[in-house]
Every structure is written in structure tokens, then in C-alpha cells.
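Taking it in order: structure first as C-alpha cells, then the write-up.
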Amino acid sequence: MSDFTKTLDADGVATLSWDCADRPMNVMSEQGFVDLNAMVDNCIADAAIIGVIITSAKTDFAAGMDLAVIAKAKEIKPDNPAQGCFDMVMQVHHILRKIELAGMDFKTKKGGKPFVAVLPGTALGIGLEIPLACHHIIATDNPKAKIGLPEIKVGIFPGAGGTTRLVRKMGAMAASPFLLQGKLSTPSQALTTGIIDAVSDTALQDAKDWIMTAKDADLVKPWDAKGYKMPGGAPYHPAGFMTFVSASAMVNGQTMGVYPAAKALLSAIYEGTLVPFDTALKIEARHFTSVLLNPSSSNMIRSLFINKGALEKGAVRPADVPNQSVLKLGIMGAGMMGAGIALVSAQAGINVVLIDQAQESADKGKAYVAAYCDKGIARKKSTAEQKELLLAQINSTTDYQALADCDLIIEAVFEDPSVKAEVTRNVEAVIREDCIFATNTSTLPISALAEASSRPEQFIGIHFFSPVEKMLLVEIIKGKDTGDRAVAKALDYVRQIRKTPIVVNDARFFFANRCIIPYINEGIRMVKEGIEPALIENAAKLMGMPLGPLQLNDETSIDLGVKIAKATKAAMGAEYDNDQADEVLFWLFDQGRLGRKSAAGFYEYDAWGKRVGIWQGLRDQYTKEGADLDLLDVQHRLMFAQTLEAVRALQEGVLMDVREGDVGAILGWGFAPWSGGPLSWFDMLGAGYAAARCDELESAYGPRFAAPDLLREMAEEGDAFYDRFVA
């Protein structure tokens, strides 16, 4: 069955309707390109057809390319993967160029048939690249629709002509936010910026009217016309030269040189603007091929699209449990965490009971939601009516009886086992027998907390990251007695609030904090050793970490770090080995430097709370001349500290799926997204190199860098995590 169907009206206007029957939104597959190519050939050859409308039978136009196809592109010609990828991309260019030239005589630019793209809704990636090859683009007036080229966000760039066409249509400067940042626009915004040509409530009729009146000159793209000059200037033009110098500096400043797609995109733009259009398409295809073959891009596609999508669709959900969608949610504790959970739950259409000890505290939590809505109204992303509807879904109260008909409870009270135990008992006295009870905790063992419950099989951990409304990951923790229905309930709830879940078994710090705390501590250890703090911070950023370990500690608060350190030492006793980092942390705490919240920590802050640099007192206290390390050693200490914990979590059965490890690391604390996650990064390095590097780091810095048995075994067998654990 074809993804495209053709109809022909009495006036000779053909309509190609895109409809992937097995998907909620259209995505372009290999077969889809075959179908489109055949349809275009037919329309150009058929003398009865005077013009073509390309649209969608769905409410949206297209979600983009099937990235699973892109991920397998290198397999087209196993003996020459580069040639296979390049040939595939050039076939796509050929199809879209065929639409663009529309059968015209290329010398006279006459005799072509007009092609008009009608976008009923969202058009992303190839869903915009096809329209850009058409002669006119009309979008319906749908404010919820998104139009753009977001490929850079998953480690590639628009490689089906979108890069070359958008730059030649708008100029490099105007196109850069859409290409280098993946900026999305509403139809009206896309019209204002010149991405599309019209917005209409009668788009199909307007498309036909345009076809009926189109002249030969209307079908000639500017870059195919004689005397074409790029808007804003080409690289050899004074204005264009400055654009490219600035763009290069911006890209390298933002990516630190670790994202191959951004560099390749900029090269494709620069080189492409120096040559004729068809040659520019070949240059784009070559750079796109290099990106597809780069393991960084493959890993990003795998983790941020394929694996993330699989987890969101229930890849690890117990299969035999019926739908557990939440109808009414009770939240215990109306602080920032509880209020954030209330916000995202109400946004998902869930009725919420928000409880705190005092009515004033409960109301303050609801006020947090109101303030969030007010910000949306100020940015014209929401309305007063929407705010009222959202607030009406949240009942802020002190009355436990309001929980009686809830089907899920999330406890988000103070991180104290006795307080949580008391809340658990009080809640279970009023809720239904089938109600699932979840505790939101970042460090306390779930199995121990479940001891306060009379139904431990219905007790589970749901760890949100702060701020809840911004962070995409939710960590679901199974206690030793947690049943499948509780897991399914948590997963179905996370799907409702449109976040990405990972499921892990109970252990100290679970998975995310287990990995991120060693990263922070390793940075602090190096401060104690006398290493220049700026070297530590910049070494992390040069590896693609969004925040250096010292800044991250400031953001999460130094007093919290002190509290965790004391609790961990008390629990681990003689096995605790972090005294070096604790000395620095406790010293800052004693100085009253608690991090960003106190405008004083590892960093100094101005009156508006903006970081102004490393606190000089830190250098005066610890930095020593001659203590500098090799950059690679600093980077590997920071990266291996995290990654080895991920390997140990997998080895111990805390982490049950390598996909969850990689997706969780990127979404939870921003682990070098270019790598695809910690386990993907070790696969890039190779288990043999990783194990050997562990030996070097262990010899120089201590047993915390010892290679786990699993890694050692994989090194001996020449194995990789994704080969070993993913079918």
C-alpha cells in the first residue's frame, strides 16, 4: 500500500495526499520516497495534469524522516558504507530537484508544472524539505502547528536539501536559528520570516488558484535564475564574510567542537554558497554522509530518538498489566517539588489534590502553578481562561479525606524517613485498597521506606528532577516487594505527563544520583589537590557536559551536598572514601557559602544572582603552583567517574536496560549528549581501551577507577554494551 494517493480534478489539478496508515503522523520511509518519486514522474509525464498539490490526509503534514532508516543508512553498502549513504542522499536530492524543476526546459526555464505544498499542521524535517522544493508553500492557520528543521537536536542536520535551500532563500544569517538551533515556528511566524509563502483558512482552494494563474517565471527558484545573489551576501562579500566569521565563532562557542553535525552543517553552508546550486547539493550530501558515518551522530540518533521513543512507548512496561492511566492524583507536600508535580499533572488533564500541613502552605503550592501560568500569559503562550481551567483541577487542602478516591499518591515531603513513614501510614488509612503509593526521593532506599506501608507491593519510588516542569526524565525505582501493577501505574502516569521514564532497582542513590555525585566529587577532589578550578570546569565543558562539577554543586546547593556526604558516610562506615572532597565542601559550608541560593559558593555572584567567576578565596585556600594536570587526565577523571558507576549499576542489576542508562544520563544530568550516553561512550572508546585506561587511572588516582568485572570481561571478549545487551 502506497503512502501517497493521487486524485485529479476536472481542471487538471492533481493532489498527492500523504498518509502513513500505520502511524499517527506521517514519516518518510524508504518506500515513501519510492512512492513519491513514482507519483512525481507520473504527474510530470501526464499531459492531463497542469499542476500538483502535495498535502497530507492527516491533521499534520509530517513529523520528518524515519530516523531508524537514517540509522541503518551505512548498511546499504557494507563494503563501502560512505558510498551507500551518499548514493541514498543523492537519490533524495534527485527526487526533490525533480519537483523543483517540474519538467521545465532548464535552458529556457519554461514548460514546467507548478507544485504547491499545503501544510495542514506540523511540518518538520523532510516534512519541510519537500515543501521547500515546491514552488509555493501554503500553511493552514493552525497556531498549534510547528514548522521547522530540528535535525540538529538529534545529532544530524537537514540533509535533503533543506540546508542549501533555506540558506539560499533567506540568507545565512536569517537561516541560522532554524538550522543551527532547530528553531520551530508557528505558521504565522514562518510566514513572517519567509520560510513559507502564505497562511490561509482555505489553503487547498488557494493552492489550486495559485496553480491556475502561475506563470513560467513563478516556477523558477531564485537560485536557478540568472544573476542570483544570496540575501545578506555570499562569503566573499564583505557582509557575508562577517556573517560566516560570526557563525563559526558562535558554533564553536556553543558546541565546544564536540558536536560533528554543527561543524558539518556550517561547512556545507559555507562551501555550498561558493558554487552552483546542484554542486551545493552534492556538497551538502557529502557532509551529511560524513555525519551519518560519525559514531557520535549514530549514538545521538539511537539514544535521543529511537531509544527515547521506545521508552516513552512502554518498552519496559509489564506487558500483562491493563491500562493504569491516572484519573486522580494526590500529592503530599506542596513545596517546590510537589507544586511542580501538581503543575505537570494538571497540564495533562489529571485532577490533583495538593496537601500540606497548613492551608497557607498548600495554597502557596497552588500559587506556584498560578505564577507559572502568569508567565505563559505574559509571553502570549497561554490565556487567562486556560489558567483558570488549570487551577480548577488542583484542590489545595489539609484534609486527608480528599485523597479517598485517588488512584495514585505521590509523597514529596521532607527527606526524612520518619516523616515519610508517618505520612505513608496516615495516607494509607484513607485511600482505596487499589491505590498505588509513590515516594519522591532522590537518595532514601525505597525498600526501607516501604516498611512503613501495609501494602509494599503497591509502594514504588518516583524520582522527579528539579524543576519538574523543565526536566524531561523521571526515574522509577522498584523496591524489593514492588509489584508489576505499581510499575505499570508509574509508567502510565509518566507517559500521561509527557516525560521519559527509566525503571531501576532499589539501591543507594538509585541510578542518576549514583552517577552524578561521583562527577561532582571528582571535581572537588581535584580542587583539594590544588588544580586550578577553571581548568576543571572547562575540561568538563570541552567534553560536552552542560555544567562543570563545581557549578553543578552550586546549582544543587552546597548544604545539600554536605547533608548527603554525612548520611553516606554514616551508612558506609569504613568503606567511605570521599574525605578529600568533603574537606573542601565542609569548608565552604562553614564559610556560609551555600551555592547559588546564597549568592556565594564555588563561584561569586553579582547582585542579580549572575555568576561572575570562580571565588578567589577558593584559589587562595587550595590552588597550588605546579599542580596542573594534563587536560585529558582531568577530562577522563570526570567522565570515567560517572561512566564506571553506570557500568557497576548495570553489573549489579540496578540498571536493567542499557538504553535506560544512556537516555537517563542525557536527560537526567546532561551527560555529554554528543556521545549518546555513558555506555555508548564506552562503546565508542572500545571496552579494551576503557579497561586499560581504568588501570592507568586506578594506578594514579585510586581504586575508585578500578575496572568493573563486566567491563574487564567485555574487554577480553572484544564485546560492546549494545552488542551484548540489546538484541
Side-chain angles (χ1 to χ4, degrees), residues 256-260 294-296 298-300 302-303 511 514-532 535-545 548-549 577-578 580-581 627-652 654-655 658 661-662 665-666 669-725:
M256 297 295 178
V258 296
Y259 290 87
N294 190 301
S296 168
S298 300
N299 288 356
M300 285 185 73
R302 182 175 65 194
S303 292
F511 174 67
R514 173 178 183 154
C515 296
I516 196 62
I517 290 173
Y519 169 66
I520 293 173
N521 285 340
E522 197 63 33
I524 302 174
R525 280 176 185 265
M526 284 188 270
V527 171
K528 175 65 172 62
E529 293 167 16
I531 308 302
E532 164 57 43
L535 172 62
I536 300 166
E537 295 289 85
N538 287 322
K541 292 176 183 178
L542 285 168
M543 286 299 292
M545 294 298 294
D577 67 345
N578 202 48
Q580 274 190 311
D628 288 347
L629 291 178
D630 179 80
L631 174 62
L632 186 63
D633 267 12
V634 177
Q635 291 176 322
H636 277 185
R637 286 179 65 176
L638 294 172
M639 297 293 281
F640 273 68
Q642 305 169 70
T643 307
L644 289 175
E645 281 304 324
V647 176
R648 293 181 187 113
L650 183 65
Q651 177 177 287
E652 296 165 13
V654 175
L655 184 65
V658 296
D662 280 345
I666 295 173
W669 69 91
F671 181 96
W674 64 268
S675 69
L679 301 172
S680 287
W681 184 57
F682 262 13
D683 277 355
M684 289 173 72
L685 294 180
Y689 174 84
R693 188 66 173 127
C694 282
D695 293 341
E696 295 172 357
L697 293 171
E698 181 185 11
S699 175
Y701 305 111
R704 63 188 179 280
F705 290 109
D709 292 341
L710 173 60
L711 181 63
R712 187 78 67 190
E713 180 183 322
M714 289 173 58
E716 292 170 356
E717 297 175 2
D719 215 344
F721 288 102
Y722 275 84
D723 291 339
R724 188 182 184 104
F725 294 104

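The first residue of the sequence shown is numbered 1, and numbering continues consecutively from there.
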Could you work out, with side-chain hydrogen bond (donor to acceptor under 3.5 Å, both in side chains) as the rule, every residue matching Arg525, not counting sequence neighbours?
Asn578
Can you name the residues that form a side chain to side chain contact (heavy atoms under 4.5 Å, CB included) with Asp628, not counting sequence neighbours?
Glu532
Closest non-hydrogen atom pair between Leu655 and Ala646, with its separation
CD2-O, 4.1 Å
In terms of heavy-atom contacts, Leu644 and Cys694 come closest through CD2-SG, 3.6 Å
Going by ring-ring contact (aromatic ring centres under 6.0 Å, His included), name the residues that satisfy it together with Phe721, two or more places apart in sequence or in a different chain.
none
By side chain to side chain contact (heavy atoms under 4.5 Å, CB included) - contacts of Asp709 (at least two apart):
Gln651
Evaluate Glu696 against Phe705 for side chain to side chain contact (heavy atoms under 4.5 Å, CB included), listing each step before the verdict.
CA-CA 9 Å; Glu696 295 172 357; Phe705 290 109; over 6 Å; no
Has Trp674 got a side-chain atom pairing as donor or acceptor with Met543's backbone, closer than 3.5 angstrom?
yes
Please test Arg637 against Asp630 for salt bridge (Lys or Arg N to Asp or Glu O under 4.0 Å), starting from the C-alpha separation and ending with a verdict.
CA-CA 11 Å; Arg637 286 179 65 176; Asp630 179 80; over 6 Å; no
For residues Asn299 and Ser675, report the shortest heavy-atom separation together with the two atoms involved.
ND2-O, 3.1 Å
How far does CD of Glu537 sit from CG of Leu638, to the nearest 0.5 angstrom?
9.0 Å
With sequence neighbours excluded, residues passing ring-ring contact (aromatic ring centres under 6.0 Å, His included) with Phe682:
Phe640
Can you measure from CD1 (Ile536) to CG (Leu631) and round to the nearest 0.5 angstrom?
12.0 Å
Nearest 0.5 angstrom please: Phe671 CZ to Trp681 CH2, how far?
6.0 Å
Audit row: Leu542, Val258, side chain to side chain contact (heavy atoms under 4.5 Å, CB included) steps and yes/no:
CA-CA 7 Å; Leu542 285 168; Val258 296; 5.9 Å; no
The salt bridge (charged side-chain N to carboxylate O under 4.0 Å, His left out) partners of Glu645 (sequence neighbours excluded) come to Arg514, Arg648
Tyr722 and Asp662, any side-chain heavy atoms less than 4.5 Å apart:
yes
Please report the interatomic distance CD(Glu529) to CD(Gln580), rounded to the nearest 0.5 Å.
5.5 Å
